[in-house]
Amino acid sequence: MAKQNDFFDSVYQVVRLIPEGRVTSYGAIANYLGAARSSRMVGYAMNASFNEMPPVPAHRVVNRNGQLSGRKHFEHPFKMQELLEAEGIQVEDDAVVGFQELFWDPFSLEG
DNA sequence: AAGGTGACAGTTT
DNA sequence: TAAACTGCCACCT
């Protein structure tokens with residue numbers, strides 16, 4: 001049994017479940033993992049997500065305000081916005097337009 | 001081994 | 001109202 005105890009790996013699995021054209025927040029992922037207090041770790045995990053396989057759609061993860069807080073950690077500061085726009089998500093002032101509407105909750109999978 | 005870091009979030013001033 | 005502070009905890013050096 002592979003030890004999937006790693007918090008990061010758990011985060012990656014959830015992030016990969018984010019549908020295209022949708023976004024979620026770090027806190028939502030942490031909450032889904034039962035670690036609502038570890039929301040910072042979620043973002044921290046994304047920093048290492050670039051080395052993960054398959055690649056994790058980190059661009060679909062924003063903070064609770066819908067701001068692209070982690071855009072500076074991408075290849076280019078604007079890469080995150082481009083990826084979002086490529087999926088039909090409008091980004092304005094480094095924030096997702098209609099974030100609340102595009103927000104995707106991991107719990108929506110269960111029902 | 002111990003301390004510092006940080007792509008957040010909630011609370012307080 | 002907005003801005004600033006603290007808590008938080010798994011990973012990294």
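Not measured: the values here are computed from a predicted model. Chain letters run A, B, ... following the sequence lines, proteins first, then strands; residues in each count from 1.
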[X] [atom1] to [N] [atom2]: how many Å, rounded?
{"X": "A/Met46", "N": "B/dT5", "atom1": "CE", "atom2": "C1'", "answer": "17 Å"}
{"X": "A/His73", "N": "B/dT5", "atom1": "NE2", "atom2": "P", "answer": "14 Å"}
{"X": "A/Asn51", "N": "C/dC11", "atom1": "CG", "atom2": "C1'", "answer": "14 Å"}
{"X": "A/Asn31", "N": "C/dC9", "atom1": "CG", "atom2": "C1'", "answer": "15 Å"}
{"X": "A/Asp6", "N": "C/dC12", "atom1": "CG", "atom2": "C1'", "answer": "14 Å"}
{"X": "A/Tyr44", "N": "B/dT5", "atom1": "OH", "atom2": "P", "answer": "10 Å"}

* Structure fact -> Testing B/dT5, B/dA7, C/dA10 for proximity to the side chain of A/Phe50, the answer is B/dA7
* Asked: Of the candidate nucleotides B/dA7, C/dC11, C/dC9, which contains the atom at the shortest distance from the side chain of A/Arg37?
  ->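 Nearest to the side-chain atoms of A/Arg37, counting from C-beta on, is C/dC9.
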* Looking only at heavy atoms, which two atoms of A/Ile29 and A/Val11 are closest? And how far apart? -> CG2-CG1, 4.2 Å
* How far apart are the closest heavy atoms of A/Phe99 and A/Ser25, and which atoms are they? -> CZ-CB, 4.4 Å
* Do A/Val97 and A/Val61 share a hydrophobic cluster (ILVMFWY, side-chain heavy atoms under 4.5 Å, transitive)? ->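 Different clusters.
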* Side chain proximity check, A/Val23 to A/Ile18, heavy atoms < 4.5 angstrom ->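 A side-chain contact under 4.5 Å is absent here.
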* To do: State, with a plain yes or no, whether a side-chain heavy atom of A/Pro106 is found less than 4.5 Å away from one of A/Thr24.
  =>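 Answer yes - side chains close enough.
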* Asked: With a 4.0 Å cut-off, would you call A/Glu87 and A/Arg60 a salt bridge?
  ->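 Yes, this pair counts.
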* Asked: What does nucleotides 8-13 of chain B look like as a protein-contact string, B for base, S for sugar-phosphate only, - for none, at under 4.0 angstrom between heavy atoms?
  -> BSS---
